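Nothing fancy with the numbering, it's 1 onward along the sequence. This is a predicted model, so every value here is computed, not measured.
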Amino acid sequence: MTAPVACEEEQEIIVQRNMRTWRRRLSALSFLTGFAIAAAPVSTARCANGLPDDGSFFPIAVWLQSPTHATEYRAIGVNLYLGLDNGPTEEQLAVLSANGMFVIANQNQVGLTSKNRGVIKGWLYERDEPDNAQPIGGGRYGPCVPAAEVAQRVREIKSRDPTRPVMVGFGQAVADPHWVGRGSCTGDMGYYEIARQGADIVGFDIYPVGSDSPEVKGKLEYGVLSQNRRNFRHPSSSPATSASRSIILPSLWKV
């Protein structure tokens, strides 16, 4: 039997073949769901238990939604869940499996050992937007999660299962460096080069519909052309000359 291939041992860029079709699907999903999240990758890692990489699968996802609605989501073109509330649980995975729905979820013992773990196509770093100021109770916020801590946690996740990609989702400061939601970390763009280390899928969201920031308001297309850059850069910047081992999943949009 051939051993499973770890995500970082072999990678293949899968070029998005039809941007116009994707944009139409995104617009329709945003309108229909009201809170649609569009996963818009322009490249993917080849992992033994990761998302299909044969070009026939294009991920369109919802964020932290109940698996009980998997049938309805599939009917409008959604094929991937990002995150499971207090999960994954056996019940959640069983429902997703019954509906042929994939998920990128937090890593726990259930996910690692479930008979339905085949629907898990990646692991989430458990803190959404670690680059933002983090709540410390009483309505107060502390600094962002240290970049080195994020990278270390990613390594721990990968050590338990190297056959699935690990995803880290950052906040809107990737596109708007002056956004104040990062607190004391505001303006530290070097954070991302450290925090993304080891991650196979790197995402950010900008809330383009509800935002009042002129940098991102209404810019649904922001980051779409960012392809596997070495450094995180503002989307208007020119791309780096050498490719990264990580995949930039530009614009995990929460509308």
Side-chain angles (χ1 to χ4, degrees), residues 2-16 37-61 63-64 79-84 88 102-108 111-112 117-131 145 147-171 174 191-205 223-233 239-240 242-253:
T2 303
V5 177
C7 294
E8 289 195 1
E9 292 176 3
E10 184 174 9
Q11 295 196 5
E12 176 182 2
I13 295 175
I14 296 179
V15 178
Q16 181 176 321
I37 314 302
V42 291
S43 60
T44 186
R46 178 179 292 169
C47 304
N49 293 312
L51 291 169
D53 65 356
D54 60 1
S56 65
F57 179 85
F58 188 88
I60 301 176
W63 171 260
L64 213 59
N79 54 19
L80 178 67
Y81 272 52
L82 292 178
L84 294 170
F102 295 148
V103 63
I104 297 178
N106 288 0
Q107 190 182 80
N108 62 16
L112 288 167
R117 64 185 180 276
V119 300
I120 300 176
K121 297 302 179 182
W123 302 113
L124 281 176
Y125 171 76
E126 57 266 22
R127 292 197 192 185
D128 185 36
E129 303 176 354
D131 53 324
V145 179
E149 181 179 321
V150 176
Q152 175 59 32
R153 178 59 181 149
V154 168
R155 287 192 290 271
E156 293 171 0
I157 294 171
K158 291 173 76 75
S159 70
R160 285 188 286 272
D161 178 12
T163 71
R164 289 177 172 85
V166 177
M167 174 180 171
V168 179
F170 295 111
V174 173
Y191 176 97
Y192 300 105
E193 183 63 21
I194 298 172
R196 71 171 182 82
Q197 290 178 11
D200 302 289
I201 304 173
V202 179
F204 65 94
D205 49 60
V224 165
L225 298 181
S226 302
Q227 296 193 22
N228 208 20
R229 297 178 182 173
R230 179 176 177 78
N231 301 305
F232 254 106
R233 295 167 178 260
S242 56
S244 164
R245 291 184 67 84
S246 298
I247 297 114
I248 293 180
L249 182 64
S251 305
L252 282 176
W253 290 308

At their closest point, which heavy atom of Pro88 faces which heavy atom of Asn108, and how far apart are they?
-> O-ND2, 3.0 Å

Indicate yes or no: at least one non-hydrogen side-chain atom of Asp128 is less than 4.5 angstrom from one of Phe170.
-> no

Does some side-chain heavy atom of Val103 sit less than 4.5 Å from a side-chain heavy atom of Leu84?
-> yes

Under 3.5 Å donor-acceptor, Asp131 side chain and Gly171 backbone | yes

Leu82 CG to Leu124 CG distance, which is reported to the nearest 0.5 Å | 6.5 Å

Closest non-hydrogen atoms of Ser159 and Pro162, given as atom of the first, atom of the second and distance, are O-CD, 4.5 Å

For the pair Val150 and Gln197, evaluate side chain to side chain contact (heavy atoms under 4.5 Å, CB included) and give the outcome as yes or no after the intermediate values.
-> CA-CA 9 Å; Val150 176; Gln197 290 178 11; over 6 Å; no

List the steps, then state whether side chain to side chain contact (heavy atoms under 4.5 Å, CB included) holds for Tyr125 with Asn106.
-> CA-CA 7 Å; Tyr125 171 76; Asn106 288 0; over 6 Å; no

Using a strict 4.0 Å threshold on nitrogen-to-oxygen distance, state whether Asp200 and Lys158 make a salt bridge.
-> yes

So how far is it from Asn49 CG to Ile120 CD1, rounded to the nearest 0.5 Å?
-> 10.0 Å

Shortest non-hydrogen contact between Thr163 and Cys47, atoms and distance = O-CB, 3.3 Å

Tyr81 and Phe102 aromatic centres sub-6.0 Å = no

Close side-chain approach of Arg164 and Ile104, heavy atoms under 4.5 Å | no

Would you give the length of the straight line joining atom CD1 of Ile194 to atom CD of Glu149, rounded to the nearest 0.5 angstrom?
-> 13.0 Å

Taking only residues two or more places apart in sequence or in another chain, which ones pass side chain to side chain contact (heavy atoms under 4.5 Å, CB included) with Leu112?
-> Gln107, Gln109, Trp123, Arg160, Asp161

Any donor and acceptor pair, going by atom type alone, linking the side chain of Asn79 with main-chain N or O of Phe58 inside 3.5 Å?
-> yes

